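Reading through the structure tokens given below for one structure.
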Amino acid sequence: MKPADPAPIGTLLLDATEPRTLDDWLARFATPQWQGCFLEGWLFEGPEARRAAEARLDAAGVRARLRSAYKPLVHWFIEELPACSGGERPVAAVVRYPVHPGAGAQRFLLEAYPLAALLPGCALVFEAGADTLHYEVALTFASGAPQTHRVFAPNQLRPDVLGAAQLCPTGWLRVGRSEGAGDLIDTAQATEFENLFWRAVQAVRSHPWPPQEPYFERLDLRVDLPGYECPLDVPNECISTFEALHEDLYFGLLEFFQLHSGRPPGDRLLQPGQLVPDVRPCAAGAPPRVRVVARPFDTAAQDAAAWHDTDAGQPLDALDQAPSPERIARELELLGGEPFGAHSRQGRAVRGRYLRGSRAPVLVSGGQHANETSGVVGALRAARALAAQPGAHFALLPLKNPDGYALHRELGARHPNHMHHAARYTALGDDLEYRASAPWYEREALEQGLALSGAQLHLNLHGYPAHEWTRPLTGYVPRGFDLWTIPKGFFLILRHHAGWEARGRALLERVAAALLQVPGLPEYNTRQIALYQRHAGTLPFERIDGTACIQSEVQRGAPVTLITEFPDETIHGEDFRFAHTVQCAAVLAAERAWQDIVAGA
């Protein structure tokens, strides 16, 4: 017998179970009174569980079809198209997606992602449709008559964490006396997936939090769920209800604490503490469960469990995953120069190095958002190359957020291919770039790097999701992050102070031109941008030499900040090596260009 989980240490806010919706439906409908009926159900379970339940209902005399409530169109093409077409792939398809007044105009086009990549060789057209909750699909085959299908997308309007009405995917049950009819039942059905989320939210809402931030050290949200993961035949793409619930819990509760604090939505100054959703598959036979515990940090135990220095023998440029803190510290020692740094809220070292020289100085940093790990290696590789140049002059902070980095490794031990945005911010729960008051913790190291070097250019290496990012229970598209929901290649963000616009523009153009010489990068960007535009419309960024770019005036940080964005969250192996190669190339190109720009100013 598996031992029970240890009792939580800290303040228990909630420990509750929920009935499994699929089990409830089986108990209800596999009875004599429903024999001869036709049942259609939509819920947040995987194909294997749904097929097994269909077989049990069929054996009881109920014709059943159970579908996914999450991304129903994509699942229809994967699960039902082969039977409709006899295994033949369509040569052309027209998909009319819903345009509902309760959602953004492109919401259901985004929800169809990455269908355009799943149908190679098919002339696929998306068209805006009516305000019904159905996709209309018209298919053409090389050897047969055209087909038309209606694919239901079960949704309902309901208030989100902030009380705003959102159109959200939901469970649905339809039962009739004939196939496709709903004369007996046709209504939304709350599933355990939805109920577990809202029970966690309500437990947090109703707790008497102290008036001052941070409200807790660490808030654990453990959910055991009969969910599923469905890998897709598209690089890095996998439909995962575990990951989707993690994202909804993390950002939904950030929004609650913003409201609780009196701050406006999206305020990155908020410091609630460290929010940690941990969403796992249910053990066999165990009920769905949610447990919420506010507890103290246990940094030593976390590090002992999460880190082991497995990358010691790998060359830096061959690393296929995020390096350990020990490896980062060794690389900094080998670099030489003057050490500087600070400590995080959890007491971890934020290590930097300053190399003084005759060139125009730059500051290179990575790991601000600690689940964006390619920038950590890219910064170390670039620093090694810069140090080999005569007159090298730069400051380096390869990992600005070690607390988030440790959480990323902790969560990644169970789900290595998830985005883990709980590790995005610091242990205070804030984005350290926006930290505006003491205690400064990690922010102090950044200010030291700027002061020591006198750098007027900060090369700030970032990443973003390498696969689709959703929040299905609060409107599907992540609020405040609309442009980040699907990948669009490697791109650049240029921020400058007043009076620095021309120098910033020159830098952007020089770096974009240099990136054309990175093997494979132009083709990579072209592929990703093309798929983005099929599902999200025209890319709202300028493109310079094939690289998407944004430039704006921001009176924060160094006079010029160049932010790199590689879709690196969740990638490993050769994809990770490519990511940090691109990050390194961008730093070296920017540092070279900056010498000429400063000299000509």
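These numbers were taken from a predicted model, which means no experiment stands behind them.
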Between the side chains of R409 and D303, is the shortest nitrogen-to-carboxylate-oxygen separation below 4.0 Å, so that they form an ion pair? no
Which atom of V518 lies closest to which atom of P522, heavy atoms considered: O-CD, 3.4 Å
Pairing of E442 and R435 as salt bridge, 4.0 angstrom limit: yes
Between Q368 and N460, a side-chain donor and acceptor under 3.5 Å: yes
Just checking W469 against F251, ring centres under 6.0 Å apart? yes
Indicate yes or no: at least one non-hydrogen side-chain atom of L232 is less than 4.5 angstrom from one of C230. yes
Can D403 and S344 be counted as having a side-chain donor-acceptor contact under 3.5 angstrom? yes
Does D430 pair with R268 as a salt bridge, N-O distance under 4.0 Å? no
Distance to the ring centre below 6.0 angstrom and angle to the axis at most 45 degrees; does that hold for K488 and Y464? yes
Side-chain donor-acceptor contacts of residues 541-550 below 3.5 Å, not counting sequence neighbours, with atom names and distances?
from, atom 1, to, atom 2, distance (Å)
E542, OE1, R505, NH1, 2.9
E542, OE2, R505, NH1, 3.3
E542, OE2, R505, NH2, 2.7

If you take all heavy atoms of G341 and Q448, which pair is closest and at what distance? O-NE2, 2.9 Å
Applying side chain to side chain contact (heavy atoms under 4.5 Å, CB included), name anything that partners A349, two or more places apart in sequence or on another chain. H343, R351
Ring centre gap for F242 and H246 strictly below 6.0 Å: no
Is the shortest side-chain N to carboxylate O distance from D224 to R280 below 4.0 Å? no
Quiz item: cation-pi between R443 and W440, 6.0 Å / 45°: no
Check ion pair E331-R384 (N to O, under 4.0 angstrom): yes
For the residue pair H260 and Y215, is the inter-centroid distance of their aromatic rings smaller than 6.0 Å? yes
Classify the ring geometry between F578 and Y524 as parallel (under 30°), tilted (30 to 60°) or perpendicular (over 60°). perpendicular
Presence of salt bridge, E255 and R471, under 4.0 angstrom: yes
Check whether any side-chain heavy atom of E243 sits under 4.5 Å from a side-chain heavy atom of H467, and report yes or no. yes
Looking at R495 and E433, is there a salt bridge between them, counting it only when a charged N and a carboxylate O are closer than 4.0 Å? yes
Hey, what's the ring geometry for W484 with F491, parallel, tilted or perpendicular (30° and 60° as the breaks)? tilted
Y113 vs E237, test: side-chain hydrogen bond (donor to acceptor under 3.5 Å, both in side chains). Steps then yes/no. CA-CA 10 Å; Y113 176 87; E237 291 295 342; 2.8 Å; yes
Going by atom types alone, do H421 and E569 pair a side-chain donor with an acceptor below 3.5 Å? yes
Q583/H580 under side-chain hydrogen bond (donor to acceptor under 3.5 Å, both in side chains): CA gap, chis, key distance, verdict: CA-CA 5 Å; Q583 297 274 27; H580 59 70; over 6 Å; no
Taking the inter-plane angle between the rings of W209 and F257 on a 0 to 90° scale, is it parallel (under 30°), tilted (30 to 60°) or perpendicular (over 60°)? perpendicular
Return the orientation label for the H418 and H415 ring planes: parallel under 30°, perpendicular over 60°, tilted otherwise. parallel
Has E217 got a side-chain atom pairing as donor or acceptor with Q346's backbone, closer than 3.5 angstrom? no
Between Q555 and A498, the two heavy atoms sitting closest are OE1-N, 2.6 Å
Regarding D568 and H462, is there a side-chain donor-to-acceptor distance under 3.5 Å anywhere? no
Pair R510 + D596: basic N to acidic O under 4.0 Å: yes
Lys/Arg N to Asp/Glu carboxylate O, R263 vs E213, below 4.0 Å: yes
Check this for me, if you would: do E574 and R577 make a salt bridge, where the nitrogen-to-carboxylate-oxygen distance has to be below 4.0 angstrom? yes
Partners of V477 by side chain to side chain contact (heavy atoms under 4.5 Å, CB included), sequence neighbours excluded? L110, D482
Mind listing the closest non-hydrogen atom pair of P323 and V377 along with its distance? CD-CG2, 3.5 Å
Heavy-atom distance under 4.5 Å between the side chains of Y434 and D267, does that happen here? no
